[in-house]
Amino acid sequence: MGAGKTSVGRVLAARLEVPFDDLDAMIVAEAGRPIPEIFRTEGEPGFRELEAQMLARALKTCRGVLALGGGAAMHPASRELLRGGPLVLLEISPELAAVRLGRGSGRPLLAGDADPMVRWRELALERDPVHQDLARWRIDAGRGSAAAVARGITDMMGQDLLAAPEKEDS
Ligand SMILES: Nc1ncnc2c1ncn2[C@@H]1O[C@H](COP(=O)(O)OP(=O)(O)O)[C@@H](O)[C@H]1O
Ligand SMILES: O=C(O)C1=C[C@@H](OP(=O)(O)O)[C@@H](O)[C@H](O)C1
Ligand SMILES: [Mg+2]
């Protein structure tokens, strides 16, 4: 949450001239309700189930960049769908997340009485090993604009393409 997946993903898609989809937006469109309301009525397990269903659909239909929600990889079925895919992990410090997310409005996992940044750190600790395991690329998303981060991503991808051994035609 707050790393810039939605913002950078949109700019990255424009840069690559491919479509952009946001899993959270797909969930909201499908449910016809905003995310905090889904959490209120169905709880986090209900949201994760819906998220897993929408991810399965998105991976079949999305032909460009797909921005995930910050907890998407924590559902076992979703994690397996994502494994081996061309995943980019956007990394930011807790301090920057605090600036970007403020009181966490619109993000139900940061809502409530507890300090949202204490909760952000707890979630990051729990999720980071999963994200490190799945990511093909990692980028410091705390430096520069969303456009600069998107440029950093295409640079990394380009370098990997150049480094890959040429496939022999048979
Ligand atoms: N590189 C960036 N520089 C400055 N602000 C950013 C950057 N990336 C995202 N933001 C801002 O941070 C907030 C969270 O970004 P968002 O794209 O919604 O993150 P996520 O989808 O990972 O939760 C938004 O207000 C967005 O405008
Ligand atoms: O981290 C999470 O569990 C969540 C992150 C949100 O997306 P962003 O990471 O795009 O804010 C959204 O999917 C939902 O509020 C749950
Ligand atoms: Mg987002």
Side-chain angles (χ1 to χ4, degrees), residues 1-15 20-31 33-59 62 64-79 81-82 87-112 114-132 134-135 137-156:
M1 280 174 278
K5 299 177 295 298
T6 299
S7 318
V8 173
R10 185 173 289 116
V11 182
L12 177 65
R15 189 171 165 77
F20 171 70
D21 291 286
D22 185 88
L23 191 58
D24 284 335
M26 292 176 68
I27 293 168
V28 170
E30 176 75 10
R33 287 171 292 155
I35 289 179
E37 200 182 315
I38 304 174
F39 269 78
R40 229 179 357 259
T41 52
E42 275 122 87
E44 186 178 355
F47 175 80
R48 295 283 168 231
E49 282 308 317
L50 185 55
E51 186 178 47
Q53 285 169 23
M54 294 312 294
L55 177 65
R57 189 188 296 177
L59 292 179
C62 178
V65 175
L66 175 68
L68 302 177
M74 302 313 288
H75 184 287
S78 299
R79 191 179 314 158
L81 286 174
L82 293 169
L87 295 171
V88 184
L89 177 62
L90 305 192
E91 299 182 301
I92 55 165
S93 65
E95 292 74 22
L96 184 57
V99 172
R100 288 193 185 167
L101 295 174
R103 292 298 302 171
S105 69
R107 286 165 170 96
L109 287 180
L110 302 182
D115 180 342
M117 285 307 122
V118 171
R119 184 74 185 120
W120 190 96
R121 277 175 196 269
E122 282 171 5
L123 289 169
L125 268 180
E126 183 188 323
R127 293 171 175 183
D128 196 52
V130 172
H131 292 161
Q132 295 295 340
L134 290 174
W137 297 281
R138 291 166 195 82
I139 190 156
D140 177 355
R143 279 196 288 170
S145 62
V149 177
R151 218 165 30 242
I153 293 171
T154 54
D155 286 352
M156 280 191 303

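Starting from 1, each residue takes its place in the sequence as its number. All values reported here derive from a predicted model rather than from experimental measurement. Indexing begins at 1, ligand by ligand and atom by atom, following the structure's order.
Atoms CG and CG, from D140 and L90 in turn, are 10.0 Å apart once rounded to the nearest 0.5 Å. From I139, atom CD1 reaches atom CE of M156 across 4.0 Å, with rounding to the nearest 0.5 Å. With values rounded to the nearest 0.5 angstrom, D21 atom CG is found 11.5 Å from R57 atom CZ. Atom CD1 of residue I27 and atom CD of residue E51 lie 4.5 Å apart, to the nearest 0.5 angstrom.
Regarding atom 11 (C) of ligand 1, its nearest protein heavy-atom neighbour is R100 CD, 4.0 Å. Looking only at protein heavy atoms, the nearest one to atom 1 (O) of ligand 2 is R127 NH1, 2.7 Å. Counting protein heavy atoms only, atom 1 (N) of ligand 1 is closest to G144 O, 3.0 Å. Of the protein's heavy atoms, D24 OD1, 2.7 Å lies nearest to atom 13 (O) of ligand 2. With respect to atom 15 (O) of ligand 1, the closest heavy atom belonging to the protein is S7 OG, 3.6 Å.
Residue-ligand proximity, L109 to ligand 2, at heavy-atom distances under 4.0 Å covers atoms 2 (C), 3 (O). Interface atoms of ligand 2 facing K5, defined by a heavy-atom separation under 4.0 Å, are 8 (P), 9 (O), 10 (O). Counting atoms of ligand 2 from 1 in the listed order, those under 4.0 Å from a heavy atom of G69 are 7 (O), 9 (O), 13 (O). Every atom of ligand 2 with a heavy atom of P108 under 4.0 Å away is listed here by number and element: 15 (O). Near T6, meaning under 4.0 Å from any of its heavy atoms, are these atoms of ligand 1: 17 (O), 21 (O). Distances below 4.0 Å separate heavy atoms of G2 from the following atoms of ligand 1: 14 (C), 19 (O), 20 (P), 22 (O), 23 (O). Residue contact check: A146 has heavy atoms under 4.0 Å from atoms 1 (N), 2 (C) of ligand 1.
Residue contacts with ligand 2: G106 is placed with no nitrogen or oxygen under 3.5 Å of a nitrogen or oxygen of the ligand (distance criterion only). The shortest N or O to N or O distance between G4 and ligand 1 is below 3.5 Å.
Under the 4.0 Å criterion applied to side-chain N and carboxylate O atoms, E95 and R121 are assigned as salt-bridge partners.
Between A13 and F20 the shortest heavy-atom distance is CB-CB, 3.5 Å.
The closest donor-acceptor contact from the side chain of R127 to the backbone of M74 lies at 3.5 Å or more, if one exists at all. A donor-acceptor pair under 3.5 Å is absent between the side-chain atoms of R119 and the main chain of L110, judged by distance alone. Under the 3.5 Å distance criterion, the side-chain polar atoms of R138 are left unmatched by any main-chain donor or acceptor of L89.
Look at G70 and you'll find every heavy atom at least 4.0 Å from all atoms of ligand 1. Residue R107 places a heavy atom under 4.0 Å from ligand 1.
Among the atoms of T6, an N, O or S atom falls under 2.8 Å of the Mg ion (ligand 3).
Inter-residue side-chain proximity for L87 and W137 is flagged as unmet; no heavy-atom pair is nearer than 4.5 Å.
Scanning R48, R107, M74, R100 for the heavy atom closest to atom 3 (O) of ligand 2 points to R48.
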- Task: Evaluate the side chain to side chain donor-acceptor pair (under 3.5 Å) criterion for residues E91 and H131: first the C-alpha distance (whole Å), next the side-chain angles of each, then the deciding distance (0.1 Å), finally the verdict.
- Result: CA-CA 10 Å; E91 299 182 301; H131 292 161; over 6 Å; no
- Report the C-alpha distance between L55 and H75 in whole Å, list the side-chain angles of each, state the deciding distance to 0.1 Å, and finish with yes or no for side-chain contact (heavy atoms from CB on, under 4.5 Å). CA-CA 11 Å; L55 177 65; H75 184 287; over 6 Å; no
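At a heavy-atom cutoff of 4.0 Å, ligand 1 is contacted by the backbone of S145 but not by its side chain. Heavy atoms of M1 found under 4.0 angstrom from ligand 1 belong exclusively to the backbone.
Within a 4.0 Å radius of atom 21 (O) of ligand 1, the protein contributes at least one heavy atom. Atom 24 (C) of ligand 1 is never approached by the protein to below 4.0 angstrom, counting heavy atoms only.
By the side-chain hydrogen bond (donor to acceptor under 3.5 Å, both in side chains) test, R33 pairs with T41, E42, sequence neighbours left out.
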